[in-house]
S.K.: 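Input: one structure, supplied below.
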Protein chains: 2
Amino acid sequence: MGETFVLSESMEDYLETILNLIKQNGSARVTDIARTMEVAASSVNESINRLSARGLVEQEKYGPIKLTAAGREWAERIDCTHQIIYLFLEKILGIDPETADRDACAIEHDLSQKSFKAMVDFLLANGHLTEQSCALAILAKKEEADGMAAKEVMLNDLAVGSTVEVVKLTSKGALKRKLMDMGLNRGAKIEVKGKAPMGDPIEVKVRGYSLSLRKKEAEEIMVREV
Amino acid sequence: MGETFVLSESMEDYLETILNLIKQNGSARVTDIARTMEVAASSVNESINRLSARGLVEQEKYGPIKLTAAGREWAERIDCTHQIIYLFLEKILGIDPETADRDACAIEHDLSQKSFKAMVDFLLANGHLTEQSCALAILAKKEEADGMAAKEVMLNDLAVGSTVEVVKLTSKGALKRKLMDMGLNRGAKIEVKGKAPMGDPIEVKVRGYSLSLRKKEAEEIMVREV
DNA sequence: GAATTTATTTAGGTAACCCTAAATTGGATT
DNA sequence: AATCCAATTTAGGGTTACCTAAATAAATTC
């Protein structure tokens with residue numbers, strides 16, 4: 001296996017961002033990463049090259065960034081640590097969500113395995129984590145459940161009045177960019193307000209805004225009942 | 001005056017080491033610092049020059065390093081944070097002393113004031129800190145009092161017309177640098193000139209210059225009324 | 001007090017991260 | 001097919017923070 005022993009905070013942040021983008025949008029492009037992390041695209045490019053040299057990430061020229069198995073594992077570990085710290089701060093110390101998230105972000109790279117486990121135990125003992133297994137397993141289970149719970153359908157297949165949640169955007173390129181810009185990211189709640197006779201266009205409400213989607217666009221949006 | 005702004009982790013570590021050496025040996029020399037931090041003497045020299053340029057440290061050529069008032073205050077704040085985290089990890093989470101110290105070292109630079117205070121309260125409530133015996137608690141209280149005097153809020157929460165003072169930048173990396181470059185250092189006076197409908201962007205005046213801040217940026221700036 | 005050892009500084013590198021500006025490239029539009 | 005635009009890469013810089021090696025100053029020892 002890639003005997004990559006240590007990564008800088010920055011590299012870990014990149015991995016984490018990439019993982020989250022893939023989970024949210026199905027892919028992670030240079031520009032997405034740059035926007036999320038608020039750095040220049042050229043900086044992302046450089047960092048991706050470093051991660052790639054370490055075998056944590058793969059990218060064909062001009063293509064999207066993919067995590068290798070090792071990279072994904074690493075990213076998931078960081079993400080899990082993040083979540084546990086977040087929960088600990090919020091549930092045990094009563095810190096507000098925003099601050100808890102910021103602190104989790106800052107600390108996740110440095111916390112020892114021992115302290116991490118102690119936090120998991122503490123959360124378990126106080127009923128804030130309901131499984132007995134380790135936090136990683138809980139998270140894995142949770143994601144599995146998420147995927148199983150409700151069947152995914154295309155937005156244009158819904159009846160008027162449905163309220164759903166975005167699971168994934170299947171489109172690529174400009175269209176996806178456009179949809180993302182409209183706020184149609186993973187987790188966004190959508191209410192179907194109206195449909196024209198042939199199902200084109202579809203009127204929806206997202207985050208308080210009314211949008212009119214072409215059928216072509218709606219087909220690219222995978223959703224599930226909430 | 002407190003024309004000291006934000007310091008890198010490394011700089012904070014130097015300050016902390018210097019304070020501890022002075023407490024232990026009565027003085028801090030380049031070599032002592034180099035040994036304690038396990039870096040080359042020339043690296044220490046360089047870092048001392050940077051700290052000196054910031055007015056946190058003083059040194060006559062070939063002489064020992066001394067903390068200025070501002071430097072000592074900063075070092076003591078970090079040290080206090082370190083101790084509280086250490087105690088929290090040891091007493092509450094049951095982490096062994098060595099690991100607790102390592103974690104405290106790593107985390108002390110990043111933990112928010114809120115989480116810090118919550119840890120103090122937690123320790124107090126469980127009898128691991130007594131206000132009279134422990135100087136740490138006093139310091140903690142002092143900071144609490146500071147925080148009470150004028151509540152810290154995010155810049156984007158202010159009404160048009162407010163005049164405030166920067167307390168802290170919560171962002172990291174590029175964004176923080178950008179904000180610093182705009183002159184938004186600790187102590188800088190800011191007047192809120194205008195806000196767009198959704199609070200984005202926000203027009204402010206800093207040191208005579210007009211700036212337009214994105215909401216995202218304004219959220220990273222903690223301020224208090226003056 | 002001269003020689004030797006130790007401390008400090010200077011000089012010259014390197015690597016990680018970040019930037020802006022200027023090429024490329026690829027997908028969309030026409 | 002030619003054009004345009006957005007995304008990506010390359011080129012060229014800058015800062016922080018570390019290093020080794022060599023020069024210089026201070027302290028110690030003989």
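So that the names make sense, note that chain A is the first sequence line, chain B the second, and so on, each numbered from 1. Treat the numbers as computed from the prediction; the structure is a model and nothing was measured.
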S.K.: Which listed nucleotide (C:dT20, C:dC17, D:dC19) is nearest to the side chain of A:M11?
M.R.: C:dC17
S.K.: How does protein reach along nucleotides 3-8 of chain C, written 5' to 3' as B (base within reach of a heavy atom under 4.0 Å), S (only sugar-phosphate), or - (no contact)?
M.R.: ----SS
S.K.: Would you name the heavy atoms of B:A118 and A:I95 that are closest together and state the gap between them?
M.R.: CB-CD1, 3.7 Å
S.K.: With heavy atoms under 4.0 Å as the rule, sort B:S8 into base, sugar-phosphate or nothing.
M.R.: sugar-phosphate
S.K.: For A:I48 and C:dC17, what is the distance between atoms CD1 and C1' respectively, to the nearest whole Å?
M.R.: 13 Å
S.K.: Could you check whether B:S43 gets within reach of a base, just the sugar-phosphate, or nothing at all, counting any heavy atom under 4.0 Å?
M.R.: base
S.K.: Could you tell me how far apart B:E46 (CD) and C:dA11 (P) are, to the nearest whole angstrom?
M.R.: 13 Å
S.K.: With a 4.5 Å limit on heavy-atom distance, are the side chains of A:K114 and B:E98 in contact?
M.R.: no
S.K.: Which whole-number value in Å describes the distance from A:N49 CG to C:dA15 C1'?
M.R.: 15 Å
S.K.: Considering the options B:M11, B:Q59, B:E58, which one meets the side chain to side chain contact (heavy atoms under 4.5 Å, CB included) requirement together with B:L51?
M.R.: B:M11
S.K.: May I have the distance from B:E38 (atom CD) to D:dA17 (atom P), rounded to whole angstrom?
M.R.: 18 Å
S.K.: How about A:R50: does its CZ atom have over 12 heavy atoms from other parts shown lying under 6.0 Å from it?
M.R.: yes
S.K.: In whole Å, what is the span from the CG atom of B:L51 to the P atom of D:dT15?
M.R.: 18 Å
S.K.: Figure out the CG/C1' separation between B:D13 and D:dA17, and round it to whole Å.
M.R.: 12 Å
S.K.: Measure across A:L89 and A:A100 and return the closest heavy-atom pair with its distance rounded to 0.1 Å.
M.R.: CD1-O, 3.7 Å
S.K.: Think A:Y14 has a side-chain N or O under 4.0 angstrom from the OP1 or OP2 of C:dA16?
M.R.: no
S.K.: How many whole angstroms separate atom CD of A:E12 from atom C1' of C:dC17?
M.R.: 15 Å
S.K.: At under 4.0 Å, does any side-chain N or O of A:S42 touch on OP1 or OP2 of C:dT20?
M.R.: no
S.K.: Counting only distance, no hydrogens or angles, is the base of D:dT16 paired donor-acceptor with the side chain of B:S47 under 3.5 Å?
M.R.: no
S.K.: At their closest point, which heavy atom of B:T81 faces which heavy atom of B:F116, and how far apart are they?
M.R.: CA-CE1, 3.7 Å
S.K.: Has the side chain of B:T68 got a donor or acceptor atom that lies under 3.5 Å from a matching backbone atom of B:G55?
M.R.: yes
S.K.: Rounding to a whole Å, what distance do you find between A:M37:CE and C:dC18:P?
M.R.: 7 Å
